[in-house]
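When a residue number appears, it is its place in the shown sequence, counting from 1. Only this structure's heavy atoms are used, side chains among them; waters, hydrogens and symmetry mates stay out. Atoms within each ligand, like the ligands themselves, are counted from 1 in listed order.
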Amino acid sequence: MGNLEKRIWTEELSIGNADIDVDHKKLIDIYNDLVEFVRFNKGHEEFAKILSEMTDYSLIHFKREEQYMQKMSYPRLAEHERSHKDYVLKVAVYNVDLLGINPPDPNDIIKFLGKWWISHILKSDREYEDYKNEIQSDVTY
Ligand SMILES: [Fe+2]
């Protein structure tokens with residue numbers, strides 16, 4: 001399974017918010033569990049179990065982010081929430097299919113997850129934090 005690499009959280013993935021960064025680190029940890037799992041190829045049921053752990057933690061994390069964006073009256077909240085919803089739906093379908101008669105290749109799922117999280121963190125998540133810093137710097141005392 002050569003091209004699946006574990007990912008290491010580095011400052012480059014920081015959005016500049018320690019609480020959110022902690023969540024992202026945890027999600028990358030679970031991602032790495034999935035990569036590790038595929039290397040040992042224990043079967044789809046076990047894979048589905050780790051994937052649903054990831055989904056559970058994603059839901060907790062998304063809720064935290066959405067509340068945070070609400071607090072700052074983030075203008076792109078609806079768009080961001082939609083992106084979270086798309087992810088949850090896609091992963092839920094993967095999970096159901098994994099237990100079906102024609103399961104998807106776990107490698108493809110891992111590729112999807114790696115791409116999604118990295119681009120979501122670097123683009124969408126950074127955007128709300130940048131916005132927050134912007135509005136804060138506008139505040140006059
Ligand atoms: Fe997000």
Aromatic rings His80 and His84: how do their planes relate, parallel, tilted or perpendicular, breaks at 30° and 60°?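 Perpendicular, since the angle between the ring planes exceeds 60°.
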Tell me which donor-acceptor pairs under 3.5 Å the side chains of residues 89-106 have, and how far apart each pair is, sequence neighbours excluded?
residue	atom	partner	partner atom	Å
Asp105	OD1	Asn107	N	2.9
Asp105	OD1	Asn107	ND2	3.0

Checking one value in my table: which N/O/S atom of Glu65 lies closest to the Fe ion (ligand 1)?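 This turns out to be OE1.
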Considering only N, O or S atoms of Asp125, the one closest to the Fe ion (ligand 1):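 For Asp125, the N, O or S atom at the smallest distance from the Fe ion (ligand 1) is OD1.
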Does atom NZ (Lys49) have a neighbourhood of more than 12 heavy atoms from anything else shown, all under 6.0 Å?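 Result for NZ/Lys49: open.
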With rounding to 10 degrees, what does the angle His120:NE2 / the Fe ion (ligand 1) / His80:NE2 come to?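 It comes to 90°.
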List the residues meeting salt bridge (charged side-chain N to carboxylate O under 4.0 Å, His left out) with Arg64, not counting sequence neighbours, and say none if there are none.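 Per chain and number, Arg64 pairs via salt bridge (charged side-chain N to carboxylate O under 4.0 Å, His left out) with Asp23.
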